[in-house]
Amino acid sequence: MSYSWFRVVALTLAVVVVTGCSKPETPQEVAAEFWQALSEKDADTVVELSTLAAVSDFDSYARDWSDIVPDFGRVVIDDREATIVTRLPVEDGVPGERREVNTYLVERGGDWLVDYDRTGEAIMNPSPFAGLIGEMNRLGERLTASFGQSSDDLSRQMDAIAREFEAYSDQTQRRAEQAMEKYGQALQGLMEELEKSIEEALEDSQQAPERERGALQRTAADLNRSSDRLDKPDFDAFADSSRALAEAGARFSRLSDDTFKSYKRTWDAKLDEIMERTRAFFEELHGSE
């Protein structure tokens with residue numbers, strides 16, 4: 001995406017000014033206007049768009065937000081609450097460095113408002129797990145979007161996170177490890193189902209071109225080896241699985257439709273199922289924060 005949510009919404013609002021006044025309605029629109037008001041020290045608008053009770057209570061989260069333009073990421077709406085991943089420039093950090101926090105919103109009387117206190121708590125007292133969670137969120141987005149592409153870079157970042165993970169508290173690690181264990185078991189089962197389907201295709205397609213049979217045999221072997229590593233799930237094992245699944249997706253795409261058309265539909269559906277389970281894992285891991 002070439003523009004952040006903030007810029008997209010700002011452009012939309014510029015059009016609205018021409019055609020008539022309009023109040024922001026969606027969580028994304030409210031968050032974008034809230035952060036713009038914060039950067040302009042516009043306490044009246046901050047109060048209007050948030051749960052802050054009075055202009056006199058506006059403290060700007062003890063920071064000068066002048067010219068700060070956040071990047072917005074994943075949006076989660078759960079009934080009358082919403083969370084928007086918000087990437088902010090790091091104070092005294094290197095140019096381009098950002099840290100990830102959440103902008104929290106609540107719906108009241110049909111209007112979305114930024115939860116001022118909860119958002120402030122996330123900014124001023126970040127969890128020691130926040131850096132890891134932010135990186136895992138970005139990896140999750142990339143992983144679920146690119147099983148059919150090379151994932152070496154993704155795997156290297158996962159390897160680095162595996163080392164960083166050791167630095168966090170025992171309690172936080174236990175919560176995240178429970179999510180990892182659950183995901184590892186599900187991923188292992190799905191990979192084994194995919195391997196079994198490939199073996200069935202090989203059995204049913206003895207006359208298929210040798211090149212394609214060889215590619216599927218290598219894929220089955222890779223999936224078997226990678227799924228075995230998930231007996232003890234960790235980030236290293238997940239990185240290895242991402243490599244195996246990326247290779248599987250790439251090989252499937254190169255198969256001819258003449259012999260394996262029906263199987264390719266099954267395998268694509270299985271990869272989609274793995275993607276969905278992976279998204280659920282990263283959501284659960286985010287909940288460990």
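Numbers here simply count residues along the sequence, with the first being 1. These numbers come from the heavy atoms of this one structure, side chains and all, not from hydrogens, waters or symmetry mates. Being a predicted model, the structure only gives us computed values, none of them experimental.
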Practice task
Let me see the working for M275 and D272 under side chain to side chain contact (heavy atoms under 4.5 Å, CB included), right down to the final yes or no.
Solution key: CA-CA 5 Å; M275 290 181 195; D272 287 343; 4.1 Å; yes
Exercise for the section: Quick one: list whatever passes salt bridge (charged side-chain N to carboxylate O under 4.0 Å, His left out) with R265, sequence neighbours left out. Expected result: none
Practice task
Decide whether I68 and M124 are clustered together by the hydrophobic rule: side chain heavy atoms of Ile, Leu, Val, Met, Phe, Trp, Tyr closer than 4.5 Å, transitively.
Solution key: yes
Practice task
Write down the atom of L230, the atom of M191, and the distance for their closest heavy-atom approach.
Solution key: CD1-SD, 3.9 Å
Problem - Partner set under salt bridge (charged side-chain N to carboxylate O under 4.0 Å, His left out) for D64, not counting sequence neighbours - result: K41
Practice task
Determine, stepwise, if the pair V47 / F58 fulfils side chain to side chain contact (heavy atoms under 4.5 Å, CB included).
Solution key: CA-CA 8 Å; V47 169; F58 178 62; 5.6 Å; no
Completion exercise
In this structure, CG of L223 is separated from CD of E247 (nearest 0.5 Å) by 10.5 Å
Exercise for the section: Give a yes-or-no answer on whether the side chains of S256 and E212 include a donor-acceptor pair shorter than 3.5 Å. Expected result: yes
Completion exercise
What one should report as the nearest heavy-atom pair of T86 and N102 is OG1-C, 4.4 Å
Completion exercise
Taken in chain and number order and not counting sequence neighbours, the residues that satisfy salt bridge (charged side-chain N to carboxylate O under 4.0 Å, His left out) with D111 are K23
Exercise for the section: Nearest 0.5 Å please: distance from the OG atom of S226 over to the CG atom of L187. Expected result: 7.5 Å
Handout entry: Aromatic ring pairing W35/W65, orientation class (parallel under 30°, perpendicular over 60°, tilted between)
Key = perpendicular
Handout entry: Worked verdict on L216 versus F260 for side chain to side chain contact (heavy atoms under 4.5 Å, CB included)
Key = CA-CA 11 Å; L216 288 177; F260 297 105; 3.6 Å; yes
Handout entry: Check: Y183 and R277 side chains under 4.5 Å, non-hydrogen atoms
Key = yes
Problem - D231 atom CG: more than 12 heavy-atom contacts under 6.0 Å - result: yes
Handout entry: Exam field: side chain E29 to backbone T26, donor-acceptor pair closer than 3.5 Å
Key = yes
Completion exercise
One should read off an interatomic distance between E276 CD and L190 CG, to the nearest 0.5 angstrom, of 11.5 Å
Exercise for the section: Give the minimum heavy-atom separation between L271 and F252, together with the two atoms involved. Expected result: CD1-CD1, 4.1 Å
Practice task
Check each of T83, I84, V75, L113 against L105 using the side-chain contact (heavy atoms from CB on, under 4.5 Å) test, and report the only one that passes.
Solution key: I84
Handout entry: Minimum-distance pair of heavy atoms, taken over all atoms of G73 and R87
Key = CA-NH1, 3.8 Å
Problem - Atom CD of Q207 with >12 non-hydrogen neighbours under 6.0 angstrom - result: no
Exercise for the section: Report the distance from atom OG of S227 to atom CG of D222, rounding to the nearest 0.5 Å. Expected result: 10.5 Å
Exercise for the section: For D42, check salt bridge (charged side-chain N to carboxylate O under 4.0 Å, His left out) against everything at least two apart and list the hits. Expected result: none
Exercise for the section: Calculate, to the nearest 0.5 Å, the distance between atoms CD and CD belonging to E40 and E33 respectively. Expected result: 10.0 Å
Handout entry: Considering all heavy atoms, the nearest I77-A82 contact
Key = CG1-CB, 4.1 Å
Practice task
Determine whether T51 and Y104 make a side-chain contact, defined as any pair of heavy atoms from C-beta on separated by less than 4.5 Å.
Solution key: no
Fill in the blank from the handout: Separation between OG1 (T259) and NZ (K264), nearest 0.5 Å, reads 10.5 Å
Practice task
Please check if V46 and I123 belong to a single hydrophobic cluster, counting links between Ile, Leu, Val, Met, Phe, Trp and Tyr side chain heavy atoms closer than 4.5 Å.
Solution key: yes
Problem - Side-chain donor-acceptor contact under 3.5 Å, T119 with T103 - result: no
Exercise for the section: Kindly work out whether a path of hydrophobic side-chain contacts (I/L/V/M/F/W/Y, heavy atoms less than 4.5 Å apart) joins L49 to V55. Expected result: yes
Practice task
I would like to know whether D59 and Y116 meet side chain to side chain contact (heavy atoms under 4.5 Å, CB included); could you show each step before the answer?
Solution key: CA-CA 10 Å; D59 60 2; Y116 188 86; 2.5 Å; yes
Exercise for the section: Taking all non-hydrogen atoms of both residues into account, name the closest pair between Y61 and G120 and its distance. Expected result: CE2-CA, 3.2 Å
Handout entry: Listed once per pair and sorted, the salt bridge (Lys or Arg N to Asp or Glu O under 4.0 Å) pairs that draw on residues 201-210, sequence neighbours left out
Key = none
Handout entry: Greater than 12 external heavy atoms within 6.0 Å of K182's NZ
Key = no
Would you tabulate the side-chain donor-acceptor contacts of residues 192-202 under 3.5 Å, counting partners in other chains and residues two or more places apart, or write 'none'?
from, atom 1, to, atom 2, distance (Å)
E193, OE1, K270, NZ, 2.4
E195, OE2, N224, ND2, 3.2
S197, OG, W267, NE1, 2.8

